[in-house]
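Here is the structure we will look at, set down as C-alpha coordinates.
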There are 2 protein chains.
Amino acid sequence: MATVRRPGSYHCGIDAAMDVIGGKWKVLVLWALDERPYRFGELRRALGGVTEKVLAAQLRELEEDGIVHREVYDEVPPRVEYSLTARGASLNEALAPLGAWGRQNVAVVSPPQVPGP
Amino acid sequence: MATVRRPGSYHCGIDAAMDVIGGKWKVLVLWALDERPYRFGELRRALGGVTEKVLAAQLRELEEDGIVHREVYDEVPPRVEYSLTARGASLNEALAPLGAWGRQNVAVVSPPQVPGP
DNA sequence: CAGAATCCAAGTGGATACTG
DNA sequence: CAGTATCCACTTGGATTCTG
(Lines give C-alpha, C1' and ligand atoms only; values in the text may rest on other atoms or scores of the structure.)
Protein backbone atom coordinates (compact mmCIF):
# COMPACT_ATOMS: atom_id res chain seq x y z
CA MET A 1 0.00 0.00 0.00
CA ALA A 2 1.67 3.15 -1.11
CA THR A 3 3.88 5.25 -3.22
CA VAL A 4 3.06 4.10 -6.67
CA ARG A 5 0.29 1.91 -5.46
CA ARG A 6 -2.32 4.59 -4.92
CA PRO A 7 -1.14 7.64 -6.83
CA GLY A 8 -3.12 10.73 -6.06
CA SER A 9 -5.30 9.33 -3.36
CA TYR A 10 -3.88 11.13 -0.37
CA HIS A 11 -4.77 14.41 1.21
CA CYS A 12 -1.53 15.17 2.98
CA GLY A 13 1.94 13.74 3.32
CA ILE A 14 1.14 11.97 6.53
CA ASP A 15 -1.63 9.75 5.37
CA ALA A 16 0.49 8.93 2.37
CA ALA A 17 3.31 7.89 4.67
CA MET A 18 0.87 6.08 6.90
CA ASP A 19 -0.07 3.95 3.97
CA VAL A 20 3.51 2.86 3.59
CA ILE A 21 4.07 1.99 7.23
CA GLY A 22 0.52 0.92 7.98
CA GLY A 23 1.10 -2.80 8.37
CA LYS A 24 1.16 -4.26 11.83
CA TRP A 25 4.82 -5.27 11.69
CA LYS A 26 6.28 -2.78 9.28
CA VAL A 27 7.71 -0.29 11.71
CA LEU A 28 9.26 -3.15 13.65
CA VAL A 29 10.85 -4.40 10.45
CA LEU A 30 12.10 -0.90 9.73
CA TRP A 31 13.52 -0.67 13.19
CA ALA A 32 15.34 -4.00 12.93
CA LEU A 33 16.75 -3.37 9.47
CA ASP A 34 17.94 0.03 10.54
CA GLU A 35 20.58 -1.75 12.56
CA ARG A 36 21.78 -4.24 9.95
CA PRO A 37 20.58 -6.57 7.19
CA TYR A 38 18.59 -9.60 8.27
CA ARG A 39 17.78 -12.98 6.82
CA PHE A 40 14.16 -14.02 6.62
CA GLY A 41 14.02 -16.49 9.49
CA GLU A 42 16.34 -14.38 11.55
CA LEU A 43 14.08 -11.38 11.12
CA ARG A 44 11.10 -13.50 11.99
CA ARG A 45 12.65 -14.62 15.26
CA ALA A 46 13.71 -11.08 16.03
CA LEU A 47 10.16 -9.81 15.71
CA GLY A 48 8.81 -12.73 17.67
CA GLY A 49 5.51 -14.19 16.72
CA VAL A 50 4.99 -13.25 13.11
CA THR A 51 3.89 -15.97 10.77
CA GLU A 52 5.86 -16.55 7.58
CA LYS A 53 2.96 -15.57 5.42
CA VAL A 54 2.39 -12.27 7.10
CA LEU A 55 6.05 -11.36 7.31
CA ALA A 56 6.55 -12.27 3.66
CA ALA A 57 3.57 -10.14 2.67
CA GLN A 58 4.75 -7.13 4.63
CA LEU A 59 8.25 -7.46 3.25
CA ARG A 60 6.88 -7.66 -0.27
CA GLU A 61 4.92 -4.49 0.22
CA LEU A 62 7.88 -2.69 1.71
CA GLU A 63 9.91 -3.85 -1.26
CA GLU A 64 7.30 -2.56 -3.70
CA ASP A 65 7.38 0.76 -1.94
CA GLY A 66 11.13 0.93 -2.29
CA ILE A 67 11.75 0.78 1.42
CA VAL A 68 13.61 -2.50 1.68
CA HIS A 69 15.93 -4.33 -0.67
CA ARG A 70 15.68 -8.06 -1.20
CA GLU A 71 18.91 -9.82 -2.04
CA VAL A 72 18.73 -13.44 -3.08
CA TYR A 73 21.87 -15.56 -2.83
CA ASP A 74 21.92 -18.62 -5.03
CA GLU A 75 23.09 -21.10 -2.46
CA VAL A 76 22.04 -24.30 -0.78
CA PRO A 77 20.34 -23.91 1.59
CA PRO A 78 18.69 -20.84 0.11
CA ARG A 79 19.51 -17.50 1.62
CA VAL A 80 17.74 -14.20 1.28
CA GLU A 81 18.76 -11.01 2.95
CA TYR A 82 16.69 -7.94 3.54
CA SER A 83 18.15 -4.49 4.02
CA LEU A 84 17.05 -0.89 4.02
CA THR A 85 17.23 1.15 0.85
CA ALA A 86 18.24 4.80 0.94
CA ARG A 87 14.58 5.70 0.92
CA GLY A 88 13.98 3.30 3.77
CA ALA A 89 16.72 4.94 5.76
CA SER A 90 15.23 8.36 5.16
CA LEU A 91 11.85 7.08 6.24
CA ASN A 92 13.42 5.81 9.43
CA GLU A 93 14.86 9.22 10.10
CA ALA A 94 11.49 10.82 9.55
CA LEU A 95 10.07 8.32 11.99
CA ALA A 96 12.53 9.15 14.75
CA PRO A 97 10.60 12.07 16.28
CA LEU A 98 7.48 9.96 16.40
CA GLY A 99 9.41 7.25 18.19
CA ALA A 100 10.63 9.76 20.71
CA TRP A 101 7.09 10.98 21.24
CA GLY A 102 5.87 7.45 21.79
CA ARG A 103 8.56 6.73 24.32
CA GLN A 104 7.68 9.86 26.24
CA ASN A 105 3.93 9.59 26.04
CA VAL A 106 3.13 5.89 25.99
CA ALA A 107 4.09 3.03 28.22
CA VAL A 108 6.81 1.02 26.54
CA VAL A 109 8.01 -2.10 28.22
CA SER A 110 10.78 -3.77 26.27
CA PRO A 111 13.94 -4.70 28.13
CA PRO A 112 16.58 -1.99 28.44
CA GLN A 113 18.30 -1.85 25.10
CA VAL A 114 19.35 0.55 22.42
CA PRO A 115 16.71 3.28 22.28
CA GLY A 116 15.26 2.48 18.89
CA PRO A 117 12.87 4.56 16.83
CA MET B 1 -5.61 1.57 21.03
CA ALA B 2 -3.00 3.33 23.05
CA THR B 3 -1.38 5.05 25.91
CA VAL B 4 -3.17 3.72 28.90
CA ARG B 5 -5.03 1.22 26.83
CA ARG B 6 -2.27 -1.30 26.32
CA PRO B 7 0.38 -0.56 28.94
CA GLY B 8 3.58 -2.41 28.38
CA SER B 9 2.70 -4.06 25.14
CA TYR B 10 5.02 -2.19 22.81
CA HIS B 11 8.53 -2.84 21.71
CA CYS B 12 9.57 0.62 20.76
CA GLY B 13 8.21 4.13 20.81
CA ILE B 14 7.09 3.96 17.22
CA ASP B 15 4.72 1.09 17.45
CA ALA B 16 3.35 2.68 20.59
CA ALA B 17 2.72 5.88 18.68
CA MET B 18 1.36 3.92 15.74
CA ASP B 19 -1.26 2.50 18.03
CA VAL B 20 -2.44 6.01 18.85
CA ILE B 21 -2.65 7.24 15.29
CA GLY B 22 -3.53 3.89 13.72
CA GLY B 23 -7.13 4.63 12.82
CA LYS B 24 -7.94 5.34 9.21
CA TRP B 25 -8.98 8.94 9.82
CA LYS B 26 -6.96 9.89 12.86
CA VAL B 27 -4.09 11.67 11.21
CA LEU B 28 -6.56 13.61 9.11
CA VAL B 29 -8.39 14.63 12.27
CA LEU B 30 -5.10 15.65 13.82
CA TRP B 31 -4.26 17.66 10.79
CA ALA B 32 -7.58 19.48 10.76
CA LEU B 33 -7.60 20.23 14.48
CA ASP B 34 -4.07 21.52 14.27
CA GLU B 35 -5.47 24.50 12.46
CA ARG B 36 -8.39 25.29 14.75
CA PRO B 37 -11.19 23.66 16.79
CA TYR B 38 -13.95 21.96 14.83
CA ARG B 39 -17.52 21.01 15.51
CA PHE B 40 -18.57 17.44 14.85
CA GLY B 41 -20.46 17.87 11.61
CA GLU B 42 -18.03 20.47 10.41
CA LEU B 43 -15.16 18.10 10.95
CA ARG B 44 -17.06 15.37 9.20
CA ARG B 45 -17.57 17.51 6.12
CA ALA B 46 -13.95 18.58 6.19
CA LEU B 47 -12.75 15.01 6.09
CA GLY B 48 -15.22 14.11 3.41
CA GLY B 49 -16.84 10.75 3.47
CA VAL B 50 -16.58 9.54 7.02
CA THR B 51 -19.67 8.12 8.60
CA GLU B 52 -20.83 9.50 11.93
CA LYS B 53 -20.24 6.24 13.68
CA VAL B 54 -16.69 5.89 12.54
CA LEU B 55 -15.78 9.51 13.18
CA ALA B 56 -17.34 9.35 16.63
CA ALA B 57 -15.39 6.21 17.43
CA GLN B 58 -12.09 7.65 16.29
CA LEU B 59 -12.69 10.85 18.21
CA ARG B 60 -13.52 8.89 21.32
CA GLU B 61 -10.27 6.97 21.05
CA LEU B 62 -8.27 10.10 20.47
CA GLU B 63 -9.96 11.59 23.49
CA GLU B 64 -9.11 8.56 25.63
CA ASP B 65 -5.53 8.86 24.53
CA GLY B 66 -5.45 12.48 25.59
CA ILE B 67 -4.94 13.77 22.07
CA VAL B 68 -8.14 15.73 21.57
CA HIS B 69 -10.36 17.63 23.93
CA ARG B 70 -14.15 17.42 23.74
CA GLU B 71 -16.03 20.49 24.84
CA VAL B 72 -19.78 20.23 25.17
CA TYR B 73 -21.81 23.44 25.10
CA ASP B 74 -25.22 23.17 26.71
CA GLU B 75 -27.18 24.87 23.98
CA VAL B 76 -30.03 24.24 21.61
CA PRO B 77 -29.22 22.97 19.08
CA PRO B 78 -26.47 20.97 20.75
CA ARG B 79 -22.92 21.97 20.05
CA VAL B 80 -19.72 20.06 20.64
CA GLU B 81 -16.28 21.26 19.77
CA TYR B 82 -13.16 19.23 19.38
CA SER B 83 -9.71 20.67 19.78
CA LEU B 84 -6.15 19.50 20.24
CA THR B 85 -4.71 19.05 23.70
CA ALA B 86 -1.11 19.97 24.45
CA ARG B 87 -0.21 16.34 23.96
CA GLY B 88 -2.05 16.33 20.67
CA ALA B 89 -0.10 19.34 19.53
CA SER B 90 3.18 17.69 20.46
CA LEU B 91 2.12 14.58 18.57
CA ASN B 92 1.44 16.72 15.55
CA GLU B 93 4.90 18.19 15.78
CA ALA B 94 6.40 14.74 15.98
CA LEU B 95 4.40 13.84 12.91
CA ALA B 96 5.70 16.73 10.85
CA PRO B 97 8.89 15.05 9.55
CA LEU B 98 6.84 12.06 8.48
CA GLY B 99 4.50 14.35 6.61
CA ALA B 100 7.44 15.94 4.86
CA TRP B 101 8.75 12.52 3.93
CA GLY B 102 5.40 11.53 2.51
CA ARG B 103 5.14 14.66 0.44
CA GLN B 104 8.57 14.06 -1.02
CA ASN B 105 8.29 10.34 -1.56
CA VAL B 106 4.67 9.64 -2.31
CA ALA B 107 2.25 11.08 -4.80
CA VAL B 108 -0.02 13.50 -3.02
CA VAL B 109 -2.80 15.10 -4.94
CA SER B 110 -4.67 17.64 -2.87
CA PRO B 111 -5.22 21.11 -4.29
CA PRO B 112 -2.53 23.69 -3.56
CA GLN B 113 -3.06 24.78 0.00
CA VAL B 114 -1.28 25.23 3.26
CA PRO B 115 1.37 22.49 3.42
CA GLY B 116 -0.07 20.49 6.28
CA PRO B 117 1.59 17.64 8.16
C1' DC C 1 15.83 -22.16 4.63
C1' DA C 2 12.52 -19.33 2.50
C1' DG C 3 8.56 -19.12 1.09
C1' DA C 4 3.55 -20.34 -1.35
C1' DA C 5 -1.19 -22.08 -0.64
C1' DT C 6 -5.34 -22.62 1.78
C1' DC C 7 -8.63 -21.76 5.12
C1' DC C 8 -10.23 -19.13 8.90
C1' DA C 9 -10.79 -15.52 12.86
C1' DA C 10 -11.08 -11.03 14.21
C1' DG C 11 -10.97 -6.31 13.91
C1' DT C 12 -12.20 -2.21 11.38
C1' DG C 13 -14.77 0.50 8.62
C1' DG C 14 -19.27 1.50 6.27
C1' DA C 15 -24.60 2.08 5.25
C1' DT C 16 -28.82 3.07 7.13
C1' DA C 17 -32.15 4.31 10.42
C1' DC C 18 -33.38 6.33 14.66
C1' DT C 19 -33.07 9.62 19.01
C1' DG C 20 -32.30 13.46 22.77
C1' DC D 1 -26.93 19.01 15.67
C1' DA D 2 -24.58 15.27 17.48
C1' DG D 3 -24.62 11.43 18.06
C1' DT D 4 -26.32 5.94 19.00
C1' DA D 5 -27.92 1.33 17.31
C1' DT D 6 -27.80 -2.43 14.09
C1' DC D 7 -26.27 -5.09 10.64
C1' DC D 8 -23.01 -6.00 7.05
C1' DA D 9 -18.62 -6.15 4.00
C1' DC D 10 -13.99 -6.21 3.57
C1' DT D 11 -9.33 -6.21 4.90
C1' DT D 12 -5.70 -7.87 7.85
C1' DG D 13 -3.57 -11.10 10.30
C1' DG D 14 -2.98 -15.92 11.90
C1' DA D 15 -2.64 -21.33 11.88
C1' DT D 16 -1.41 -25.07 9.29
C1' DT D 17 0.42 -27.58 5.61
C1' DC D 18 3.37 -28.21 1.72
C1' DT D 19 7.49 -27.40 -1.55
C1' DG D 20 11.93 -26.01 -4.36
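Every heavy atom of this structure was used, including side-chain atoms; hydrogens, water molecules and symmetry mates were not. Proteins get letters first, then strands, A, B, ... in listed order; numbering begins at 1 in each.
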Applying side-chain contact (heavy atoms from CB on, under 4.5 Å), name anything that partners A/Glu81, two or more places apart in sequence or on another chain. A/Pro37, A/Arg39, A/Tyr73, A/Arg79
When the axes are fitted on five pairs at both termini, how much does the helix from C/dC1-D/dG20 to C/dG20-D/dC1 curve, in 10° steps? 50°
d(CG, B/Leu47; C1', D/dA2) in whole Å: 15 Å
Length of the line joining B/Lys26:NZ and C/dG11:C1', which is rounded to integer Å: 13 Å
What I'd like to find out is whether the side chain of A/Val106 reaches to under 4.5 Å of the side chain of B/Asp19, using heavy atoms alone. no
Whole-Å distance, A/Lys24 NZ to C/dA10 P, equals 13 Å
Would you classify B/Gln58 as touching base, sugar-phosphate or nothing, given that sugar-phosphate means primed atoms plus P, OP1 and OP2, and contacts are heavy atoms under 4.0 Å? sugar-phosphate
Can you measure B/Glu61 atom CD to D/dG3 atom C1' for me and round it to whole angstrom units? 16 Å
Atom CD of B/Glu75 and atom C1' of D/dG3 are separated, to the nearest Å, by 16 Å
Atom CG of A/Asp19 and atom P of D/dT12 are separated, to the nearest Å, by 9 Å
So, using side-chain contact (heavy atoms from CB on, under 4.5 Å) as the criterion, who are the partners of A/Val72 when residues are at least two apart? A/Arg70, A/Val80
Taking side chain as C-beta onward, heavy atoms only, is B/Leu91 less than 4.5 Å from B/Leu84? no
Qualifying residues under side chain to side chain donor-acceptor pair (under 3.5 Å), relative to B/Arg45, sequence neighbours excluded: none
With sequence neighbours left out, the residues meeting side chain to side chain donor-acceptor pair (under 3.5 Å) with B/Glu93 are none
Can you check the A/Arg44 CZ to D/dT16 P distance for me, whole Å? 12 Å
Sorted by chain and residue number, the side chain to side chain donor-acceptor pair (under 3.5 Å) partners of A/Glu63 (sequence neighbours excluded) come out as none
Given D/dG13, D/dA15, C/dG14, which nucleotide is nearest the side-chain atoms of B/Thr51? C/dG14
What string of B, S and - do you get for nucleotides 1-6 of chain C, 5' to 3', when a contact is any protein heavy atom under 4.0 Å? BSBSBB
Under the side chain to side chain donor-acceptor pair (under 3.5 Å) rule, collect the residues that match up with A/Glu52, sequence neighbours excluded. none
Sequence neighbours excluded, which residues qualify as side-chain contact (heavy atoms from CB on, under 4.5 Å) partners of A/Ala56? A/Phe40, A/Arg60
